[in-house]
Amino acid sequence: SLRNTTSVKNRSTTIHSSNALLSDKLQDYNGGNSNTPNPIYAKATGRLGNVMFELASSLGIAVKNGRKLAISPVMEHMLSRVFTLPRKKYFTVSKPKRGTAKVVNERYGPLVENKMLYNLTHRPVELHGFFQSWRYFDIIPREHLLDIFAFSNKTRLKSLTYIDKKRKTLGDNTVFV
């Protein structure tokens, strides 16, 4: 148990240190225009929760590779219905020309430990798969993830209206979690 606690503390310190080192790099990071050489392209697969993971993971992979991120128009459409998506700050919206991007497919489980994923220096890369592990985006500061996934005013208003309606129906002694 003591060894596990030390391991967790060391891992936490490592993550915090790498976040501090790369925070400046990410702060200056700007999706720029989609004509930037060799971007990482993210493609939407699945429903909202999956697509949220894909965006966060793709951003982490892009930052670890020193590359810009471009998300597909489908991904942008799905996410912008719920979140504010400050895209100019973190990514751009485009898709690769057919046959120009190398496809990296996460078909058989996480590629987090695969060093190839963090050495993508050649032509544009298109990520396929769910990429559902926090380890892909452990480098992205929490504040940046909260900025990306901030609810839009429309979503916030709909949620509050729903809760108020339920509160009136169920009474004030109801707790919403």
Colleague: Going by the rule side chain to side chain donor-acceptor pair (under 3.5 Å), which residues pair with Ser152 if we only count those two or more places apart in sequence or in a different chain?
Modeller: Thr155
Colleague: If you round to the nearest 0.5 Å, how far is CG of Asn153 from CG of Leu160?
Modeller: 10.5 Å
Colleague: Does the side chain of Ser58 come within less than 4.5 Å of Tyr136's, by heavy atoms?
Modeller: no
Colleague: With the side chain counted from C-beta on, respond yes when Leu55 and Leu85 share a heavy-atom pair under 4.5 Å apart, and no when they do not.
Modeller: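 A side-chain contact under 4.5 Å exists here.
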Colleague: Should Ile163 and Leu157 be regarded as members of a common hydrophobic cluster, given that ILVMFWY residues are connected when their side-chain heavy atoms come within less than 4.5 Å of each other, either directly or indirectly?
Modeller: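 No, Ile163 does not connect to Leu157 through the hydrophobic network.
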Colleague: Out of curiosity, Thr84 OG1 to Lys154 NZ, how far, rounded to the nearest 0.5 Å?
Modeller: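 If we round to the nearest 0.5 Å, Thr84:OG1 and Lys154:NZ are 14.5 Å apart.
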Colleague: Less than 4.5 Å apart, any side-chain heavy atom of Met52 and any of Phe149?
Modeller: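 Touching, per the 4.5 Å side-chain cut-off.
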Colleague: Taking C-beta and beyond as the side chain, do Lys158 and Tyr162 meet within less than 4.5 Å on heavy atoms?
Modeller: no
Colleague: Is it the case that Asn50 and Arg47 place a side-chain donor and acceptor less than 3.5 Å from each other?
Modeller: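 Short answer, no.
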Colleague: How far does CG of Leu59 sit from NZ of Lys64, to the nearest 0.5 angstrom?
Modeller: 10.5 Å
Colleague: Below 4.5 Å, heavy atoms only, C-beta onward: do Val104 and Glu126 meet side chain to side chain?
Modeller: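 With C-beta onward as the side chain, the pair stays apart.
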Colleague: With rounding to the nearest 0.5 Å, note down the distance linking NZ in Lys95 to CD in Glu76.
Modeller: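 Taking NZ in Lys95 and CD in Glu76, the distance rounds to 13.0 Å.
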Colleague: Can you tell if the side chain of Met75 reaches within under 4.5 Å of the side chain of Glu54, non-hydrogen atoms only?
Modeller: yes
Colleague: With rounding to the nearest 0.5 angstrom, report the CD1 to CZ distance, Ile148 to Phe137.
Modeller: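 Those atoms lie 10.0 Å apart.
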Colleague: Find the distance between NE2 (His128) and NZ (Lys43) and round it off to the nearest 0.5 Å.
Modeller: 4.0 Å
Colleague: Say whether Leu69 and Phe130 are linked into one hydrophobic cluster, either directly or through other cluster members, by side-chain heavy-atom distances under 4.5 angstrom.
Modeller: no
Colleague: Between Pro124 and Pro39, is any pair of side-chain heavy atoms under 4.5 Å apart?
Modeller: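 Heavy-atom side-chain distance check passes, below 4.5 Å.
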Colleague: So, using side chain to side chain donor-acceptor pair (under 3.5 Å) as the criterion, who are the partners of Asp147 when residues are at least two apart?
Modeller: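 If we apply the side chain to side chain donor-acceptor pair (under 3.5 Å) test to Asp147, skipping adjacent residues, the hits are Lys89, Tyr90.
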Colleague: Are Ile40 and Val103 grouped together when hydrophobic residues (ILVMFWY) are joined by side-chain heavy atoms under 4.5 angstrom apart?
Modeller: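 Not linked; separate clusters.
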Colleague: Phe131 and Ser57: which non-hydrogen atoms are nearest, and at how many Å?
Modeller: O-OG, 2.6 Å
Colleague: Does the pair Asp138/Arg135 count as a salt bridge with the N-to-O cut at 4.0 Å?
Modeller: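 Answer for the salt bridge query: no.
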Colleague: Contact between Val51 and Leu79 at the side-chain level, heavy atoms closer than 4.5 Å - yes or no?
Modeller: yes
Colleague: Are Phe83 and Phe151 an aromatic pair, judged by ring center distance below 6.0 Å?
Modeller: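 Yes, the ring of Phe151 comes within the 6.0 Å limit of the ring of Phe83, centre to centre.
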Colleague: Check Ser72 against Ala44 and note the closest heavy-atom contact, atom names and distance.
Modeller: OG-N, 3.7 Å
